[in-house]
Structures are given as C-alpha cells and as structure tokens.
Amino acid sequence: MPEQDIRREKDAPLRHDIRTLGNALGQAIQRHGGHSVFETVERLRTNSKRLRDCAERLSEAPPAEAVQIHNEIEALDQEIVQIVEGCDLATAIDVIRAFTMYFHLVNTAEQYHRIRRRRAHEGGPQRGSLASLIEFFKKNNLTTDTLQQLLDELSIELVFTAHPTEATRRSLITKSNRVAELLEAYDHKEQMTAREQLHWQHQLEGTIDLLWRTDAVRRVRPQPIDEIKMGIYYLDDILFDAIPDLYQEFDELLHEAYPGLTIPPFLRLGSWIGGDQDGNPFVGPDTMFTALRLQREHAIKHYRDSIEALAQEYSQSLNHAHISPALRTSIEHDAASMPEYDRELGAQTALEPYRRKLSFMWKRLEGTLTYTQPADMYAGSPLLAANREAQGTSIAAYHSADELLHDLRLVYHSLLEDGEIALAEGALTRLIRQVEVFGFYFVGLDVRQHSERHAAALAELLRVTGLRSDDYMTLNEEERLHILENLLRDPRILTRPGLPLSADTWHILNTFHAVKRAREEFGPRAVTCYIISMSHTLSDLLEVQFFCKEAGIDDLPIVPLFETIDDLNDCTKILEQAFTHPDYHLYLANCCQQQQVMLGYSDSSKDGGILTSGWELYKAQLRLAELGRKYNVGITMFHGRGGAIGRGGGPIYEAILGQPPNTVNGHLRITEQGEMLSFKYGLHEIAIRNMELVVTGVVQASVPDQHIIETRVHPYASEEWVQIMEQLSASAHARYRALIYNDPTFINFFEQATPILEIGWLNIGSRPARRTRGRSIEDLRAIPWVFSWMQSRYVLPSWYGVGGALEAFVNEHPERLTQLQQMYRQWPFLRAFLDNLQMTLSKADMLIANHYASLVDDEALRQRISQAIQEEYERTHRMVTAIVGGKELLDTSPVLQQSIRRRNPYVDPLSYFQMVLLRRLRALGGPLMLDKEAELEASEEDLERTRLTYAVLLTINGIAAGLRNTG
Ligand code: PGA
C-alpha cells in the first residue's frame, strides 16, 4: 500500500474521533449558544478553509494563475474580516469559545490517538521506545556488565516548574481527560450493549455541555498554593502510577534480554513549584514548606493505602506459611514499641504475620505525618510561620523513607524465602519502587533566586553589621572575591536576630535557614539544589556559598544558571575559576565532586536569537564536559527549556540525540513546564511515552563510543561543520540583534503588533511578567516575549535571523546548499534544529501577522518593520525547505504537517477576532477587568472595556490551545 494510504488508514480512527467530538460540540452550541452562533462558526470555518486552500494552491501556481489566486485570497480575507467585525460582542464571545472548545477536543483526540498508536506498536518497536532501546543494546552487542554499569550511573530527573504558560484552566483539563476516557471506551464499542452505547452518548454530551459552560478565563491570579496543588494533581493522578509502570515495563523487557540485571531508581521527578523565588515575590520559605508538607502528606497517604491493600491481601497463616527470622524479630520489635496498637490488632492477626507487620507499618506511617514545622529563626522576620507543632518522636514513626524501605524489603525477602515469588513481584515490588523514587517528599524541590538579589542582600548585611563602609554593589569582581574569601574563611556568623535589615534581605537569609531545616525534617534530597539565575561571575556562586555557611549548610549543590549568550560563552571560564578556587573546591568535595550546570534556553534565545542560542548551548556543553574531565568533577547539565521552539522546546528524543557526543554521560535534568504538563503528563500512557522517550534518548546518548558498533546515534561534528556553524551563528546573531535590540523604535512595533500588554491580564501564573518595572525588551521575561509573538502568528523568536544567515552563506558558494543538506542528513543536532524550525514556520502565518501589523499606528514604522520581518520569513521558509527537501515544510513529518493543517482553519478565525478586538479595546484605553461589584457603578465605556478585555483573553486562550503552544 502506498505510504500516504497507510497513513490515512492509521489516522482514520483519529479523524472519526474528531468528527464525533466536533458534531457533539456543534449540538451543544446549538443547544446553548443558539443558531446564529453555530451559523457564524460555520461561515468562518468554511471561509478560512477556502482561504487556506487558496494559499496552498498559490505555492504551486504558475504566475498567470497566481494573480487570480491572490485576488481570491484578498476577497476571502475581506469577507472574514467583515463577518468578525459584524458580530456583536456576545456572539463574538460565543464564537470564540466554540473554536476554543473545538481545540480542546482535538487536542484530546490527538493525545488519545498517540496512546492508540503506541499500543498498536507493540508488535514492533516504536521510535524512541524502551523496546527500541533493547534492540539498540542487542545490535551493539552490549554485555550485561556494560549495561549494569551504565544503569548504575544513570540519573535522569524531570523537573516540573510553575512557569506561567498553561493558559487552560484545570477545570477544563480534567474534563478533557474525561473525554479521552470516553474515546477509549468507544474503541471497544462492539463490546457495549445498546444501553451502554446510549449511556456513553449521554456521558459525552454531558461532558461537552460542562466544557461549554465552564469559563475558560481565570478571574483571579493563582497563588503559589494553587500552583503547588496543580503540581500535586499530576503527581497524585498520573505520575505516582505511571513511573512504576515505566520501571516495570523496562524491567520486564530488560530481563527477557539480559536476565540478572538490576535496575536502580535512576528516574526521578523534581519540582520548582513553591521553591522558584526568582522574580516571584509570593514565593518564599513558607511556600517551600507548604509544598514539602503537602507533598509528604500525599505521598504517605498513597503508601498507607497501598499497605492497607496489601494487608488485606496477605492473609497467609502461620499454620500454612513460614516467615523469615528477620521478619519475625522485626514484628516482635514493633509489638513491643506499639503495645496498644498490638492489642487493637487482636488475636486473629497473631497468626497472620504479614498482615500484622503491614498493620504496624501502616500505623508507623501515621506517626510520620506528625511533623515539626520550622520556627522563625529571627525575631522580626515576617517570613517564617512560627507555629511549632508537636514532634512525633514519642509515637512510633518512620523517620526516613529508608526505614520504610527496610521494612518493605523484609516482607519481600520473607515472601521469596517462602517461595511466594509471584506475590513478592506484584504490588509489593511496585510499592518498593514507589518509595525508592518518591521517598517521603514525593519530589525534591529546587530553590532558585536571582544573582542580583544575593549581591544586594550581602551588600546590606555588610553595611548593617559595620563590616564594610563601602558599597559591595559598586565593587568590581576582584574586590568582591576578596571580601567573599574573607567571609568564607571567617568562623564567625554575621547574621544575628534583630539586625535592622530590609525585608528583602531577611527573605534571602530566611530562605537558607529554611532550606537547612527542610533538609533536616524531610531528608537531604527534599531540597535538591540552589539555582542562581543570571549567573555571570564566580562571585555569584561564592555569595550563595556564603549564605549557606551562615545557615550552617555545607553540602547543598549550588547551581549556576547561564542564560545569556555571553554567559554561555564564559561558563567554562567561570566554572574553572570555581573548581580551582580553594573555598569552592572544598565545598565541591562535600557535594561529592558533582557540579550541576543549568543552561537557559529561552533567555539565551531572546538575547541572541534561536540559532546562536542553539549553537552556543551546544558548544558550552562540549566545553563543560571537557572541564569536568579535566578536574575530575561529574557534570550534570540541567536543561531549562520551555514548550515553544523559541524557548528551547521541540521533540525531546531528537533533542537529546542532538546533544554533543560525550556530554550526556548518563546524567540529565530537564524542566517540564506550563502547558507541557497537560500535553505530556495529562494522561497515564502519554506520560509513560514521554518518559520512555527521555530514558531511551539519555541511555542511547550515554553508551560509550567504544561499545557502538552499528547504530551510531551520536556522531561528532567535523571541524568543517563547526566552522560553518560559527559563520552562520555570527551572521544570524547580527541580524537578530539589529532588529530587536539595535533599532530603538522596534519596541513600539512589538507593543502594538502583539498582545504583549494584554497577556499580563491572563492570570495564568502567580508571578509578574517582568522582574523589574522597565519597559525595554531586556527587562521582559522570555515567556511573555515568546508568548506574544506566538499569538500574533509571527512566531518570530523561533526563526528570525536564520533565513538571512543561511541565504548569505549559500550565496557565497552555491554548492554550499549541498553541504548543508548533507549536514542535515548526518548531524542530529542540525536535524533537530531545522526540524523544529519547520514546525515553527508552519505555525507562523504572514497574512495574519500583517493584520496585526495594521495595529501599529505609525505607518512608516509599520511598513519598515513588517516588511523586514516578512522578507526574513520568506527567506527562512525558502532556505529551510531547500535544505530539508520536499516541496513543502514538514513534508518529512507528515503527522505533524497534518495536525497543523487540520488546525489552521480553526485558529485563523480566532486570530481575526483577536486583532479586531484588540483594535477596539485599545481605542477605549486598553484592558480593564472590573469585578461584579464594581460593574454595578461603572460607566458604559468601562463596562465595554471589561467585556472586550474578557473577549481578548478568550482569544488568547483559544489561540494557545490551537497552536498547542503558549510561550
Ligand atoms: P525564567 O524562565 O524567566 O523563569 O528564567 C524562562 C523560560 O522558561 O522561558
């Protein structure tokens, strides 16, 4: 069968699901929104579709036809604008909601279809699957010993953050998950009775009705506690089970091929939620404790439930079974330390040792839940709650997850000794795995703060304690280092209760004390590391080392985050200074000679453009790995990447294989954030799929060269390729900087041609959009930067500058095109980069973007900049297609191409609405959100502004759902 037909057949169930859901939505709209909404939706959809068809025909049309197609496009464009402008606001709101809901349903259908495809692959390994990994091992004749060594050194951590890019409310996400369950049920419809089918239909209608009637816009800004609960939702509902399932699958597959291997807990989760203080005044020591406490409660509740279920199941009687002497001793010990509870258990369990042991364990976990809350270290500090609770030392409790593991393993070995292998390998093994991975804290927290804040706090502390009369902030690096060395070598502690310090400085000091207490209370892994945003120098690290010393911490990993082009360039220099600095050297020894380095994708891309950022990140990793080898320090790269390409997003498996050789070395941390949590972890099997892609990628990228015989996934870049990249990067950087930073009027264009000023009203995260109050692009955080360009369909941060650089390079020698084509085929780094570019260029749309440009009031500015962007887009489109091959973008990724094509005619109406509504809203003075009470006394104009703001926010949500990327 031709490939196209095979694909059509594979996609048939997806198309069917989308039709079913689309029809159900149509009926809900008719039921609740009325006929005119439905009709407007249909007219817009048909016209957008025709417009898209014309645009596609245009790309292949001979010049004679092109003029006519152009005219058609213009007429359709005008017609859409007229329909949109002709809608009254109430109808507009419902129409926007209709398109948005459609995307939620399509997203769900596509997600479920991924699960379907994964299941269908069980016969042969799917790309990046664990089964394909085993095949890779075999092809390369890897021995059990090599594999065991690889596994023992493996450490992968997926770190969830609360970055404000999830525009969809949780109420909608959970209902979408319900829809996915219904789709799954429908796949087995032949097994349903007629009654069950009717029941299914009613459930679908009911869920879609609820979706339709749920407000997509958050009225209030979430607090950190809401974000903490959101994180726990994923842990509780998905990951607590998905992670052991993944381990089990790996275990089974590996054992078939390599019996005797043991799989250590190499895959863990981390979190920033409640710990990421950078630029978020609402996150501090208190939120860190709230997160850890809640996480512990949830983890332990899971363990208690599982232990209770095991206790019910394990009814073996001593009359018919034996237990190990170690287990017997431990039960006796428990009974002696919990005599009352032992009596409660009664005579029946006396003969049922497993049940008895598990009951004691269940009870001891109850004791673990009684914890100490940290007291305020310093009087006058408002930041730590001073409410000390009873310490649960008098009651029996597990004080660490290791103690619980010890007991679980006693039960496990006793079962094995008694020949109950199947029982031991079932739910009990799964629980052991869960405790190994989640401990008593569920996920370890990272704490993050900006380098400037540490410097400012230290400056104040030095001044207030009278240690320095000059201002630390104005000193150069050498002078700072001198002071820091003295401080680090001085045994005295500077901080004293009652010092007249600002709240900001207390915040920093209290944070370190809270970290110390949290590690004592929840275990050393509960706070994983301390990250310094915008690290530029060695003093940034030593300042944090000083604050650790003040709090009595000597082994908390200190992690610099390098996130500008200059800092990526300098990062090895800074770390070499650190590794050879006597004080940091000692500290590093306490951290087992392990140094984590965080690499910032979004900020470096915002700073220097996508190509330069990608290339500098690549080179930095090579140099860092080299530095690690030179100083015998284990380096773990922590990749801080978002969902959108402009923030380092893109398919993860390809991204890992695109890393430079010998840099992964079995260690990887990576952020998972915002909308990516629901896309990648919203459904159990999707979560497993995403995690297996990471595991497979990391393991494949970590197999030492000498073991690779057949499947070379990680080739070295030749010197020639490096030189080409250097040239391309310099040229793309210059182009990017010229437009974004060197043209002082560009900011005016940006503010008017994108919804940047309106996005702040979206209430999607607890932190403000800017770290400081400035208006410049430098001051803006990377998320709103990428987000706003995504909305206006320029999607500029993910491609601008690349086309010009490629074209200039090829124009010098035409045969260079062949060279680039060869590099694309042979070099995973360039392949991943250009494939991401294809995706992002397909999401961009210059016809729509031009409408946004029309919002810029200065005509000369509008002309100049929109023309520059448009031309660069065309260049990039042309060059990328020429290198990648195929007639159209994404010809090499037909599934993605189809998905984007399917969505575009539905995204376009939302874009037209956004643009028209922005114009109206700005004419009235910009966004305003009155609450219900204020609305009673508001002027008609303010009411209109509030309604328009609401409608604009709805369009932002809708476009984000349609493009499947926020920012
Ligand atoms: P940050 O994140 O602003 O929190 O450093 C940047 C990003 O992820 O885009």
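Numbering starts at 1 and runs along the sequence shown. In listed order, ligands and their atoms are each counted from 1. If you're wondering where the values come from, they're calculated on a predicted model, not measured in any experiment.
Each of the atoms 1 (P), 4 (O), 5 (O) of ligand 1 lies under 4.0 Å from some heavy atom of Arg448. If you number the atoms of ligand 1 from 1 as listed, the ones under 4.0 Å from a heavy atom of Ser602 come out as 6 (C), 7 (C), 8 (O), 9 (O). Residue contact check: Ile783 has heavy atoms under 4.0 Å from atoms 7 (C), 9 (O) of ligand 1. Each of the atoms 9 (O) of ligand 1 lies under 4.0 Å from some heavy atom of Ala782.
Atom CG of Leu445 and atom CG of Asp276 lie 10.5 Å apart (nearest 0.5 Å). Leu568 contributes atom CG, which lies 15.0 Å from atom OH of Tyr618 (distance to the nearest 0.5 angstrom).
A search for side chain to side chain contact (heavy atoms under 4.5 Å, CB included) contacts involving Gln596 returns Cys529, Val559, Thr636, Phe638, Arg669, not counting sequence neighbours.
If you look at Leu561 next to ligand 1, there are no close heavy atoms at all, none under 4.0 Å.
The protein atom (non-hydrogen) at minimum distance from atom 8 (O) of ligand 1 is Arg647 NH2, 2.9 Å. Protein heavy atom in closest approach to atom 3 (O) of ligand 1: Arg781 NE, 3.0 Å. In terms of protein heavy atoms, atom 2 (O) of ligand 1 is closest to His163 NE2, 3.0 Å.
A cation-pi arrangement is found for Arg170 relative to Tyr233, the charged atom lying closer than 6.0 Å to the ring centre and inside a 45° cone about the ring normal. Cation-pi contact between Arg525 and Tyr441: absent, since separation from the ring centre below 6.0 Å together with deviation from the ring axis within 45° is not met. Cation-pi geometry between Arg293 and Phe289 is not met: the NZ or CZ atom fails to fall both under 6.0 Å from the ring centre and inside 45° of the normal.
Where the criterion is an N or O separation shorter than 3.5 Å, residue side chain and backbone included, Asp276 fails it with respect to ligand 1. Distances between N or O atoms of Arg767 and those of ligand 1 include at least one value under 3.5 Å.
Tested against Phe562, the residues Asn569, Leu575, Asp570 include a single side chain to side chain contact (heavy atoms under 4.5 Å, CB included) partner, Leu575.
Residue contacts with ligand 1 include Gln673, since one of its heavy atoms falls under 4.0 Å from the ligand.
Using cut-offs of 30° and 60° on the angle between ring planes, the pair Tyr530 and Phe512 is parallel.
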